[in-house]
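To start, the structure under review is shown below, and the notes come after it.
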Amino acid sequence: MHGVPKTSRRTGRAAAAMLVLPLLGALGLVLGPAGAPAEAASGCSGRLAKTVRFATGSLRVYESRSYACAVTVARKPGARRAMRVSLQPRGGSAVVDRGKFTELAGPVTVHALNRCVRASGSVGRSSGSTGWILC
């Protein structure tokens with residue numbers, strides 16, 4: 001590039017970078033970050049507030065602003081098996097998701113502004129629960 005001034009080359013590189021970087025960012029949003037934690041695939045938003053591990057899986061409870069959300073995640077995804085997740089706000093009715101799933105039960109969400117919640121979950125015959133939390 002003998003006939004092209006240096007400033008023109010820099011401008012071309014900057015323009016290329018300005019086109020490529022947003023595309024990479026969009027691709028990251030679509031595909032998700034490499035090695036993303038299972039919470040990202042759970043369907044719950046907010047911060048992970050509590051994890052209860054049991055023999056065949058784990059119960060995860062998330063909290064955000066005025067809501068609580070819970071999922072039960074199988075330790076070894078694969079074959080369909082009985083799974084259940086339940087989330088109850090104090091003074092309210094429990095929201096339950098149960099059935100035969102391969103990886104997770106839920107998410108279930110309840111309004112929990114200034115309210116304690118309790119959660120339980122099971123995979124097969126093994127289960128876990130939280131007691132009252134997020135008070």
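- Between K100 and R80, the shortest heavy-atom contact is O-NH1, 2.8 Å.
- Side-chain contact between M83 and V123 is present, with heavy atoms from C-beta onward closer than 4.5 Å.
- Heavy-atom minimum distance, G131 versus R118: O-CB, 3.2 Å.
- Residues satisfying the side-chain hydrogen bond (donor to acceptor under 3.5 Å, both in side chains) criterion with R115, sequence neighbours excluded, are absent altogether.
- Under the 4.5 Å side-chain heavy-atom criterion for grouping Ile, Leu, Val, Met, Phe, Trp and Tyr, V110 is connected to I133 within one hydrophobic cluster.
- Here the shortest heavy-atom pairing between V71 and C44 reads CG1-SG, 3.9 Å.
- Dense packing is recorded around CZ of R81, with more than 12 heavy atoms of other residues, nucleotides or ligands lying under 6.0 Å away.
- What you find for A68 and L134 is that their closest heavy atoms are CB-CD1, 4.1 Å.
- Note: S122 OG to R98 CZ = 8.5 Å, rounded to the nearest 0.5 Å.
- Although no hydrogens or angles enter the test, the distance criterion places a donor-acceptor pair under 3.5 Å between the side chain of T130 and the main chain of A119.
- The two residues S127 and F54 come nearest to each other via the heavy atoms O-CB, 3.5 Å.
- Residue V117 is grouped with residue L59 when hydrophobic side chains (ILVMFWY) are merged at heavy-atom distances under 4.5 angstrom, including chains of intermediate members.
- Shown here for V73 and R60, the closest heavy-atom pair between the two residues is CG2-NH1, 3.8 Å.
- Residues in residues 45-54 take part in these side chain to side chain donor-acceptor pair (under 3.5 Å) pairs, two or more places apart or across chains: R47-E63.
- Counting heavy atoms from C-beta outward, T109 and V95 have side chains that stay 4.5 Å or more apart.
- Put simply, F101 and V85 are part of the same group of oily side chains (I, L, V, M, F, W, Y) that touch within less than 4.5 Å, one to the next.
- L104 and V108 fall into different hydrophobic clusters, where Ile, Leu, Val, Met, Phe, Trp and Tyr residues are linked whenever their side-chain heavy atoms come under 4.5 Å apart, directly or through other members.
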